[in-house]
Structure formats: structure tokens, C-alpha cells
Amino acid sequence: MKKTAVLLYPLFSLQEIGTLTELLKFYDREIVTFSAGREPVKSEDGFTILPDRELTEFCREEFDSLVLPGIWEPLPVLLDNRIIRFLEQFRGDDGLLIAAISAGPLLLGRAGLLEGRRFTHGVFEEFLDAFPVMPRENAVRTYLVEDGSLITAYGGAFREFAAAVARRLGIDCPAQIFSPMEGKDYAEEDFIFHLPPEILPEARAFWDKCLAEQAGQDQ
């Protein structure tokens with residue numbers, strides 16, 4: 001199975017892609033994080049993440065998808081030519097699913113990946129007036145747009161974004177997999193959880209291993 005690449009940059013929105021990455025991980029898809037350098041990258045909410053690889057280590061044959069999160073302060077990232085040059089290589093590459101949310105499409109726009117494509121975003125109009133890097137005539141004023149191998153979304157549609165990307169990667173999940181819980185009727189049984197029988201032996205073996213290691217440390 002091919003992998004999903006996630007592009008990280010300063011003040012990226014972890015929240016906007018967390019639902020997607022959790023879903024991909026649940027279905028055993030390998031995720032590899034990339035950044036322009038190997039130094040730790042701090043998210044908009046203050047989490048510091050050490051990327052797996054730098055952009056120069058990207059191997060196209062390994063991956064079938066690329067995810068771009070939103071950005072709290074997009075201008076410094078937009079002006080980072082290392083990121084733009086990296087993205088430019090995917091012009092015309094319809095075999096790579098590119099998914100960008102919120103301000104992520106700004107980077108695609110500057111790299112020329114939005115020409116002739118329908119897309120949406122979550123960028124302030126005033127910012128676009130000052131930095132017209134996206135073909136605004138192609139923007140669709142809605143929460144999520146799929147155009148060929150491109151998926152874009154506004155930041156508040158992180159649930160819908162996750163489901164759309166997952167389905168395109170062959171994961172069978174309903175569109176409302178992450179729908180809000182409030183306003184529905186539930187029974188107590190809905191909140192009693194069991195491991196699937198087929199993975200219970202493996203889980204118990206792992207628990208026993210952890211307990212044995214802990215016992216050895218305590219001696």
C-alpha cells in the first residue's frame with residue numbers, strides 16, 4: 001500500500017487535519033510528515049512536531065496522496081520558496097491526490113496547481129487582495145470541493161474533508177462518520193466498548209509484555 005504525505009510548516013493547523021490523520025491511522029495507512037527542514041515545527045496551538053523527512057527526501061513512487069493543513073499566519077510559509085518548488089513538481093500529476101484545507105490552497109495557488117481547477121478555501125479576502133496567488137475566478141463558495149485529483153475545503157469542514165479524502169483512498173466510511181453527537185438518542189449499550197475478537201489475543205500478548213517489562217524495572 002502506498003503512503004500519505006503530510007506537509008508541515010510553521011503555525012500549521014493540527015486541528016484541521018487531525019480528524020483525517022486519525023482516520024487514516026485507524027485503517028492502517030502509513031503517514032509520513034515532511035517539512036522544508038528537519039528542525040521541529042510548531043503548530044498554531046503550540047505543539048512541537050519533529051517531521052519524519054525533509055522535502056528533499058520525498059520519493060514520488062512511495063506516495064499516492066499529499067495533505068496540506070491550514071496556516072495561522074500564511075505569509076511566511078507562502079514566501080518560502082523551498083515549499084513552492086516542492087509543490088511545483090506536481091503540476092499535471094493527476095495520479096497524486098492532493099488535499100488542502102483552509103489556507104493550504106494558497107500554497108497550491110502560488111505553485112500553479114490551481115490553474116483550471118475548481119477549489120475552495122478559508123482565506124480572508126483582504127489577504128487575497130494583497131497577495132493574489134490563487135485564480136479567484138475558479139473559487140467555489142462552499143465548504144468542500146472535489147475536482148479530479150484535488151480536494152479542498154474550508155477549515156470548519158474538517159470532518160467532511162477527512163471523510164472525502166479517506167473515501168478517495170479506498171477507505172469505506174460514511175460521509176457522516178464524524179457527525180456531531182448532540183441531539184441524538186443513545187442507549188447505555190452505545191457506550192460499552194469491546195475489542196474485536198480477532199485482535200484480542202494480540203492485544204493481550206502486548207499487555208503481558210508491557211507488564212513483564214514493568215516488573216523487570218521494579219526489581
Side-chain angles (χ1 to χ4, degrees), residues 1-9 12-13 15-21 23-24 27 29-36 55 58-71 74 77-78 80 82-125 127-128 131-173 175 177-178:
M1 178 187 295
K2 291 198 173 184
K3 307 169 187 176
T4 294
V6 176
L7 185 55
L8 303 181
Y9 21 73
F12 74 95
S13 175
Q15 180 268 332
E16 289 173 350
I17 62 168
T19 305
L20 170 59
T21 55
L23 182 57
L24 297 182
Y27 282 92
R29 170 168 279 266
E30 186 172 350
I31 299 168
V32 182
T33 55
F34 287 84
S35 70
L55 297 180
F58 183 87
C59 178
R60 173 66 182 85
E61 291 72 24
E62 284 185 62
F63 299 90
D64 61 5
S65 46
L66 172 65
V67 176
L68 282 71
I71 321 164
V77 182
L78 190 62
D80 190 332
R82 297 172 298 176
I83 295 174
I84 303 307
R85 286 195 296 268
F86 168 75
L87 292 172
E88 285 175 342
Q89 68 181 299
F90 305 122
R91 291 179 183 173
D93 187 349
D94 293 331
L96 182 74
L97 178 67
I98 298 179
I101 188 169
S102 191
L106 280 170
L107 305 178
L108 301 180
R110 185 166 181 235
L113 272 67
L114 297 181
E115 296 300 327
R117 309 294 289 273
R118 297 167 60 252
F119 66 92
T120 191
H121 60 82
V123 183
F124 292 121
E125 294 297 314
F127 187 91
L128 295 178
F131 303 98
V133 297
M134 296 193 294
R136 295 167 81 171
E137 66 275 11
N138 297 342
V140 183
R141 304 302 182 176
T142 187
Y143 62 90
L144 184 137
V145 173
E146 297 188 49
D147 186 338
S149 59
L150 176 67
I151 299 177
T152 53
Y154 124 87
F158 59 92
R159 300 180 185 88
E160 292 80 3
F161 180 71
V165 175
R167 290 198 302 272
R168 290 290 295 278
L169 294 177
I171 296 173
D172 185 17
C173 65
I177 186 171
F178 296 113

Exercise: identify the closest heavy-atom pair between [X] and [Y]:
| X | Y | result |
| --- | --- | --- |
| Ser13 | Pro69 | O-CB, 3.6 Å |
| Gly104 | Tyr9 | CA-OH, 4.4 Å |
| Leu23 | Cys173 | CD2-SG, 4.2 Å |

| request: Under the side chain to side chain donor-acceptor pair (under 3.5 Å) rule, collect the residues that match up with Thr33, sequence neighbours excluded. | output: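 Expected list: Asp52.
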| With sequence neighbours excluded, residues passing side chain to side chain donor-acceptor pair (under 3.5 Å) with Ser65 |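 Ser65: side chain to side chain donor-acceptor pair (under 3.5 Å) contacts with Thr4.
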| Which residue pairs satisfy the ring pair (Phe, Tyr, Trp, His ring centres under 6.0 Å) criterion with at least one member in residues 100-121, sequence neighbours excluded? |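 Pairs touching residues 100-121 that pass the test: none.
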| field | Positive for side-chain contact (heavy atoms from CB on, under 4.5 Å) with Leu68, one of Val77, Ile17, Leu87 | value |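 Going through the options one by one, the only one that passes is Leu87.
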For residues 152-160, which side-chain donor-acceptor pairs fall under 3.5 Å, sequence neighbours excluded?
residue : atom : partner : partner atom : Å
Thr152  : OG1  : Thr120  : N            : 2.9
Arg159  : NE   : Phe178  : O            : 2.9

| Residues which pass side-chain contact (heavy atoms from CB on, under 4.5 Å) with Lys3, listed by chain and number, not counting sequence neighbours |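 Lys3: side-chain contact (heavy atoms from CB on, under 4.5 Å) contacts with Glu30, Val32, Arg53, Glu62, Phe63.
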| task | Apply side-chain contact (heavy atoms from CB on, under 4.5 Å) to Ala36 and list each qualifying residue two or more places apart in sequence or on a separate chain. | result |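 Listed in chain order: Leu55, Asp80, Arg82, Ile83.
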Can you run down the salt bridge (charged side-chain N to carboxylate O under 4.0 Å, His left out) pairs that involve [range], sequence neighbours left out, and say none if there aren't any?
| range | answer |
| --- | --- |
| residues 134-158 | Arg117-Asp147, Glu125-Arg136, Glu125-Arg141, Asp129-Arg136, Glu146-Arg168 |
| residues 105-114 | none |
| residues 86-99 | Arg60-Asp93, Glu88-Arg91 |

| Any donor and acceptor pair, going by atom type alone, linking the side chain of Arg29 with main-chain N or O of Lys2 inside 3.5 Å? |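 Checked: pair present.
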In Å and rounded to the nearest 0.5 Å, what is the [atom1] to [atom2] distance from [X] to [Y]?
| X | Y | atom1 | atom2 | result |
| --- | --- | --- | --- | --- |
| Phe90 | Ser149 | CZ | OG | 11.5 Å |
| Phe58 | Phe86 | CZ | CZ | 4.5 Å |
| Ile171 | Leu20 | CD1 | CG | 8.0 Å |
| Thr21 | Glu16 | OG1 | CD | 12.0 Å |
| Ile151 | Leu169 | CD1 | CG | 7.5 Å |
| Leu106 | Leu78 | CG | CG | 6.0 Å |

| request: Please list, chain by chain and in numerical order, all residues satisfying ring-ring contact (aromatic ring centres under 6.0 Å, His included) with Tyr143, sequence neighbours excluded. | output: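 Residues passing ring-ring contact (aromatic ring centres under 6.0 Å, His included) with Tyr143: none at all.
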| request: Please state whether the rings of Phe127 and Phe131 are parallel, tilted or perpendicular, taking 30° and 60° as the class boundaries. | output: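 Ring orientation of Phe127 relative to Phe131: tilted.
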